[in-house]
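Here is how names work: the chains are called A, B, and so on, in the same order as the sequence lines, proteins then strands, and each is numbered from 1. Just so it is clear, the structure is predicted and the values come from calculations on it, not from any experiment.
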Amino acid sequence: MPEIPKAYEPGKIERKWYNFWLKQGYFTPEIDPKKKPFVIIMPPPNVTGELHLGHALTTTLEDVMVRWQRMKGKPTLWLPGTDHAGIATQVVVEQQLAEQSVTRRDIGREKFHQVAWEWANNSRQSINLQHQMLGASCDWTRERFTLDEGPSKAVRTAFVNLYNKGLIYRGERIINWCPRCQTALSDLEVEHKEINGHLYYIRYPLADESGFITVATTRPETFFGDTAVAVNPEDARYKDLVGKKVVLPIIDKQIPVIADDAVDVSFGTGALKITPAHDPTDFEVGQRHNLPLVDIMNPDATLNENAGPYAGLERFACRDMVVDDLKGKGLLEKIEPYLHSVGHCIRCQTMVEPRVSLQWFIRTKPLAEKAIRTVREGDITIIPERFTKIYFEWMENIKDWCISRQLWWGHRIPVWYCQDCGELTVSVDIASHCSHCGSSQIVQDNDVLDTWFSSALWTHSTLGWPEDTEDLRYFYPGAVMETGYDILFFWVARMIMMGLEDTGEIPFRTVYLHGLIRDEHGEKMSKLRGNVINPTEAINEYGVDALRFALASNSMPGNDVSLGRGKVESSRNFVNKLWNAARFIFQSVDATTLTGQTIEIKVEPQLLEDRWIVSRLNRVIGEVNRLMERFEFGEACWQIYDFMWGEFCDWYVEIAKLRLRPVEPAASPLPFLVNVLENSLRLLHPFMPFVTEELWQNVKQHFPEESHMPDSIMTASYPVADNGAIDPEAERAMNSVIEIIRSIRNVRARYKVEAAKQIEAWIYADELLPQISSQAEAIKTLARVNPLAVAPRRERESDVGRAVVLVLKESEVILPWASLVDLSAEEQRLTREREVTEARIAQLDARLGDNDFLAKAPQHVVEKEKQRLTELSDKLERVKMEISQLRS
RNA sequence: GGGCGGUUAGCUCAGUGGUUAGAGCGCUGCGUUGACAUCGCAGAGGUCACUGGUUCAAGUCCAGUAUCGCCCA
């Protein structure tokens with residue numbers, strides 16, 4: 001057998017195994033109508049650049065589920081893809097152009113597309129590569145991009161269907177406008193931030209020159225767009241003024257004073273300027289009162305000709321000038337500091353401008369109703385559950401969705417306008433004639449659709465919809481939608497709506513939401529803070545398996561993950577531990593094989609330690625499966641970690657060494673070493689695919705006669721617990737042995753006994769005597785004890801002389817090494833132990849003397865407490881005896 | 001303004017109403033056995049934010065308070 005390196009070297013094997021899996025075609029499921037498939041459609045990363053740790057988390061969790069299900073024998077499809085990310089990508093590409101001092105308008109739509117496609121293709125490639133580095137077992141034969149022909153056709157089809165149903169309409173509405181991106185945004189793409197602004201009190205003179213009315217506003221520069229002043233109808237202060245006219249200063253325009261319930265009498269002066277074209281609530285007031293819309297801005301948020309002398313000024317510069325000028329005319333009453341919340345573009349952080357414009361909208365209410373019902377009725381489950389409420393809250397208050405964007409990068413809206421009859425042609429295929437008058441003088445809408453429109457169709461567009469494909473029939477609906485909670489509204493909610501709308505079926509059965517990745521102090525990761533961990537670098541430094549394990553083991557459903565290098569490092573250490581345990585086992589196997597012996601793997605455990613480790617293994621297997629079913633991957637990781645490291649490596653392997661280098665012939669522990677290792681590898685494979693494959697192949701190589709082993713751990717079966725192997729008696733006895741060894745080590749450390757020095761020990765026990773005796777060699781070696789006597793309690797010498805006496809749960813240990821022991825200190829220690837035991841007994845006595853407890857607590861709890869009391873009472877007696885002997 | 005979540009060891013976090021509340025990192029001391037120093041052994045470190053309630057039993061359930069964070073408007 002070749003030499004196995006002392007430390008695991010991930011770089012050497014990762015690519016090798018990925019390519020092997022790929023070549024074997026394991027990632028592509030076989031369609032078997034008799035079996036229900038497990039399907040995850042990957043949330044497509046934006047083609048804006050490299051993947052970050054959030055993507056690594058998504059990929060890890062999905063791969064964990066997919067590999068687990070695949071090992072459980074389900075046809076498993078994990079469909080990868082990327083998103084064109086309309087506005088985000090356009091921003092990136094425009095920045096790139098800006099470096100060459102060119103704008104997109106300079107080069108034109110066609111050339112811009114060329115540059116953007118080039119960027120997207122590069123990015124798509126590097127994202128796919130990174131997914132492969134991460135070990136993603138997704139089906140590359142089905143990889144999709146949102147702008148691919150299939151998904152694009154799905155987009156046009158969905159649009160046309162909705163339009164024909166009257167669920168898509170075009171209208172002049174107030175929308176959020178980003179002056180930098182120069183496009184409309186949906187409500188979700190606006191981020192509200194608290195801003196320290198001002199409240200300006202402005203006097204509007206009455207047209208009849210009988211005085212003025214003072215309005216309070218945060219945006220004085222919009223007064224050119226005012227078409228009324230509104231007061232509350234109940235407000236006595238202004239009752240007489242309703243119906244009168246006021247004159248807008250500077251531009252000398254007359255507007256009416258109106259009464260509207262929406263006006264809050266306590267805000268400012270109780271009189272509001274109404275600017276329907278630039279404020280959402282004003283827009284509504286305007287609709288109610290039939291007020292004209294006066295748009296005062298250009299797309300770049302400079303003032304337009306409606307601003308009279310201020311035309312051409314940037315909005316904030318205009319504000320300053322307007323304020324100055326009003327002040328000069330004595331029309332500015334006062335300015336107060338004012339904290340208010342202002343919308344910003346989620347992409348570029350520019351303050352958005354609410355603006356009336358002609359856009360396309362989806363009437364979401366009818367779609368939302370169905371989407372609410374499927375979740376309410378339990379067809380779709382959201383994990384963690386608390387997000388269900390948040391989902392309902394949003395869905396129930398849903399607003400129409402503005403889907404048109406004044407961008408170039410995206411799906412062009414499939415609508416053509418007739419130059420002759422003015423009618424619209426809405427068509428899935430490219431239209432050449434007006435569907436009304438037949439004219440060929442038609443022009444396609446210039447705008448593209450919101451990126452999230454195509455994302456909303458992703459669950460079925462990737463499987464071939466609107467075509468009736470085999471994939472769609474077999475793989476839809478998916479099993480789990482796994483993604484971050486930050487896109488619950490953007491994406492998940494809309495997928496549910498559109499999935500139901502397009503296919504009449506739910507798009508997935510379970511929504512699993514993970515949290516955001518933060519740094520080791522819980523701070524958001526950002527370039528600015530310099531606390532970003534780049535996944536590729538982390539992989540190069542620690543290996544993929546370590547990164548994946550760090551992510552999976554630290555992630556709880558719906559909770560943010562704090563991840564520093566330390567976590568990745570300790571995961572790396574675990575991978576290395578696993579590697580070395582395996583290395584040791586292989587070396588032992590080789591040593592045995594060299595002597596010409598064959599190793600039989602299937603052996604019933606007879607010896608205590610073998611029964612114990614097999615029992616523990618099966619408990620862990622059961623527990624891990626249960627946790628995985630419940631999406632508790634982090635806890636599943638720790639179960640395996642604790643078992644592997646804390647039980648198998650720390651105890652079983654150490655004890656097994658005695659039998660591997662026996663003085664006298666002993667039953668070989670190799671079957672159990674190999675079995676536990678092999679099972680653990682399979683348990684761990686979904687979390688750390690590479691190292692487990694490497695080691696598993698090594699197992700396979702060592703046991704070629706084990707014909708049931710498939711070609712890859714990927715296609716091996718996931719371990720299933722054998723409840724028959726669970727052995728409470730062996731667990732109890734081994735716990736006692738471990739307790740003995742630990743206690744002796746503790747004493748050695750306390751008395752600073754030299755590490756290499758052997759000390760004498762006597763152990764007394766009753767019930768567990770045979771089992772403890774069977775571990776005498778282990779105790780001798782692991783606790784550095786020699787000579788060791790194990791005897792029944794009745795043989796206990798009454799006078800032990802100077803010694804440390806340990807009263808344990810089911811045994812006593814006496815360490816009679818006279819010279820070192822400080823008798824009075826020992827007495828003090830035993831006295832403390834007596835006190836502690838007495839206190840606990842008192843506590844238990846009280847509990848067991850309580851009739852309520854006896855009557856109401858479940859039987860097994862009462863039994864347990866009674867047993868504890870017996871044990872403790874027994875211990876107390878023994879401690880008392882030791883104290884009296886020490887004193888005699 | 002409405003809602004949600006957090007508050008547990010020095011730090012970051014686990015913890016299905018039922019022993020003496022755990023882990024990783026960090027810290028202290030000691031290191032020996034050809035798997036592993038990416039390691040081993042031992043140890044220190046906690047008023048589970050606070051107040052009240054429900055319960056035989058509360059870190060866990062309920063209410064309130066404080067505080068931090070997020071989402072929505």
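A cation-pi arrangement, defined by a distance under 6.0 Å to the six-membered ring centre and an angle within 45 degrees of its axis, is absent between A/R494 and A/F489. Geometrically, A/K657 engages A/F584 in a cation-pi contact defined by less than 6.0 Å to the ring centre and at most 45° from the axis.
Contact annotation for A/A756: no contact, since no heavy-atom pair falls under 4.0 Å across all strands. Across all strands shown, A/N559 has heavy atoms under 4.0 Å from sugar-phosphate atoms exclusively, and none from any base. As judged by a 4.0 angstrom heavy-atom cut-off over every strand, A/R750 is placed among residues making no nucleic acid contact. Within the nucleic acid shown, A/R748 has no heavy atom closer than 4.0 Å to any nucleic acid atom. Within the 4.0 angstrom heavy-atom criterion, no nucleotide atom of any strand lies near A/S588. Residue A/D650 is classed as a sugar-phosphate contact, given heavy-atom separations below 4.0 Å to backbone atoms only. Across all strands, A/Q843 comes closer than 4.0 Å only to sugar-phosphate atoms, never to a base (heavy-atom distances).
For A/R745, the listed nucleotide lying nearest its side chain is B/A42; candidates were B/C56, B/A42, B/A35. Nearest to the side-chain atoms of A/A749 among the listed nucleotides B/C36, B/A42, B/U38 stands B/A42. The side chain of A/F489 has B/C72 as its nearest neighbour among B/C72, B/A14, B/A35. Distance from the side chain of A/R583 is smallest for B/A35 among the nucleotides B/U20, B/A35, B/G31. Minimum atom distance to the side chain of A/N580 is reached by B/C36, of the listed B/C36, B/C72, B/U38. Picking from B/G40, B/A37, B/U20 the nucleotide with the shortest atom distance to the side chain of A/K6 gives B/A37.
Residues A/K809 and A/E739 are not paired through a salt bridge, judged by the lack of any N-O separation under 4.0 Å between the basic side chain and the carboxylate. A salt bridge does not link A/R626 with A/E629: every distance from a Lys NZ or Arg NE/NH1/NH2 to an Asp or Glu carboxylate oxygen is 4.0 Å or more. A salt bridge does not link A/E393 to A/K389: none of the charged nitrogens lies less than 4.0 Å from a carboxylate oxygen.
For the residue pair A/H702 / A/D590, a side-chain donor-acceptor distance below 3.5 Å is found, with atom types taken as modelled.
No side-chain heavy atom of A/S571 sits under 4.5 Å from any side-chain heavy atom of A/L547.
For a distance-only test at 3.5 Å, the side chain of A/K856 fails to qualify as a donor-acceptor partner of the base of B/A57.
When base pairs are accepted only as Watson-Crick or G-U wobble with both N-N or N-O distances under 3.5 Å, RNA chain B takes part in stems of 3 or more pairs at B:1-7 with B:66-72, B:10-13 with B:22-25, B:27-31 with B:39-43, B:49-53 with B:61-65.
If you run side-chain contact (heavy atoms from CB on, under 4.5 Å) between A/F687 and each of A/I640, A/T60, A/L551, only A/I640 comes through.
Considering CZ of A/R832 and CD of A/E835, their distance stands at 8.5 Å, rounded to 0.5 Å.
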Below 3.5 Å is the cut-off: list the nitrogen or oxygen pairs between protein and nucleotides 21-27 of chain B, distance only.
residue : atom : partner : partner atom : Å
B/G24   : O2'  : A/S570  : OG           : 3.1

